[in-house]
Amino acid sequence: MSDLTDLTIAESLSKLKTKEISPVELTQAYIKKLDDNSKYNAYVTLNADEALKAAQESEKHYNNNTNRSLEGIPLGIKDLFCTKGIKTTACSHILDNFVPQYESTVTQKLLDCGALFLGKLNMDEFAMGGSNETSYFGPVVNPWSKNTPLVAGGSSGGSAAAVAAKMCAAATATDTGGSIREPSAFCGVTGIKPTYGRCSRYGIMAFASSLDQAGPICKDVTDCALMLNAMAGYDAKDSTSSKNEVPDFSSFIGQDVKGLKIGVPTEYRPDGLNSEVAAYWDKAAQILKDCGAEIVNISLPHTKYALPTYYVIAPAEASSNLARYDGVRYGLRVSGNGLDEQYINTRTSGFGAEVKRRILIGTYVLSAGYYDAYYLKAQKVRRLVKNDFDEAFKKCDVILTPTSPVEPFAIGDKKMLENPINMYLNDIFTVSVNLAGLPAMSLPIGLSQNGLPLGMQLIGRAFDEATIFKTAYQLERGANFVRM
Ligand code: GLN
């Protein structure tokens, strides 16, 4: 094996178990790759020395046969997950000196499985964005970029880029409206947003609490199952975490999809849909058909309302969640003449433009007089969007759509700050899933004519990630996408 960072988690684990490689060797190989960070800006904080120490501990576990499910696997962690003793900034100036006293439940579970952390990954500020351009630490560069630097997607741009560039074996990420799936598609890697409630939100900085969900970004489908096995499960510290039993997701890898009904929604094929995206969508359907699945046309009639609904609900919740950053208890403080002025100075200098925009929109839609017109209406439409899926899942078992209507674009191209609608439109295929609380995965399907990755999305019934894993694995085999 020339480069250990080429291995998937599953491959690494089998070589670790037979002692063909050691956790220290594996970790060192990834640490070497961190030199590339200056090119991609995927990590905002490195934890290499600690990772190496943890690898030595993992070595003991292998020697004593006490190795756990992810023993010695080097991960990157999105900087939205609180990590005890490791700076956690949400890529915002307002938290750029914040060191948590506690560990998020998801990262704790990964540590308990023997994984180790190489560092904290870049992201859009407070996960607000679709291109990683709102980060206080600057954009992530997509490792697939050729001459012009391209966006890695967002908000989990650092996570997707680090996995693509083999700067970690896998990464944690979060998805409020597409932030796991869209960067996965842009960077040619695989990510799953589980059902709302599958993973605990405890210790993950809140953006929109009714939409936020953690999940993994990995090199392939098999690794996503291994990671989600470790991350998922009920947590008393998150009142919205689910008590539903967590199946062994790995057991669905390799199962056949004969007779499975794959829904293809009409509304996701608007006039003018990018022809390459449309062609790959047809190809994906054909691959699954060749595996014995049945393609059925379905309708999700409220799709066109999903985006405006999301962009009312998400900012409303964000404006409330971000009220805690007041310069009093933690994070940045810019003093002023009295308390009010201190709040104003702190928040003015601490938050970036996109975060401020969302706080303003959110406060507006929640204010007396506008609450009924915007927020309440949005909640009603949210229910209609969910009802659409309930109806559709009477006719099919899993839904197949593209992940993004476009391929990765140049940094600065969409002029996010001047014209956010351009950027928001990229979320057209992903936000409905969050409004309905459903699980969905993005996996690479092929390259565009420009040699850039395109992704397909598989949406499942609530708590039926199993069918997604089954289907995704067969699709991955058929697509035969060559990783970077
Ligand atoms: N792009 C979407 C937004 O900006 C989704 C972000 C996310 O999923 N965190 O809100």
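Numbering of ligands and ligand atoms starts at 1, following listing order.
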What residue and heavy atom of the protein are closest to atom 3 (C) of ligand 1, and at what distance?
Tyr311 OH, 3.2 Å

Quick check: Ala127 and ligand 1, any N/O pair under 3.5 Å apart?
yes

Report yes if Gly129 has an N/O atom closer than 3.5 Å to an N/O atom of ligand 1; otherwise report no.
yes

Distance filter under 4.0 Å to Tyr310 heavy atoms, resulting ligand 1 atoms
2 (C), 3 (C), 5 (C), 6 (C), 10 (O)

Close side-chain approach of Lys219 and Ile9, heavy atoms under 4.5 Å:
no

Are Leu95 and Phe126 side-chain neighbours, meaning at least one heavy-atom pair lies under 4.5 Å?
yes

For Ser155, take its heavy atoms, then give the atoms of ligand 1 lying under 4.0 Å from any of them.
9 (N)

Looking just at side-chain N and O atoms, do Gln108 and Asp112 make a donor-acceptor pair shorter than 3.5 Å?
yes

Expected output: side-chain Glu476 to main-chain Asp220 donor-acceptor under 3.5 Å:
no

Could you list the atoms of ligand 1 found under 4.0 angstrom from a heavy atom of Phe207?
9 (N), 10 (O)

Thr176: which of Asp212, Thr430, Asp427 passes side-chain hydrogen bond (donor to acceptor under 3.5 Å, both in side chains):
Asp212

Judged by modelled atom types alone, do Glu267 and Ser299 share a side-chain donor-acceptor pair under 3.5 Å?
yes

What closest approach, in Å, do Leu211 and Ile313 show between heavy atoms, and which atom pair accounts for it?
CD1-CG2, 4.3 Å

With atoms numbered from 1 as shown, which atoms in ligand 1 lie under 4.0 angstrom from a non-hydrogen atom of Gly177?
5 (C), 7 (C), 8 (O)

At what distance is the nearest protein heavy atom to atom 7 (C) of ligand 1, and which residue and atom is it?
Ser179 OG, 2.4 Å

Would Arg358 count as a contact residue for ligand 1, given that I'm defining contact as a non-hydrogen atom of the residue lying under 4.0 Å from a ligand atom?
yes

Using heavy-atom distances only, which candidate in Leu211, Asp124, Asp427 approaches atom 1 (N) of ligand 1 most closely?
Asp427

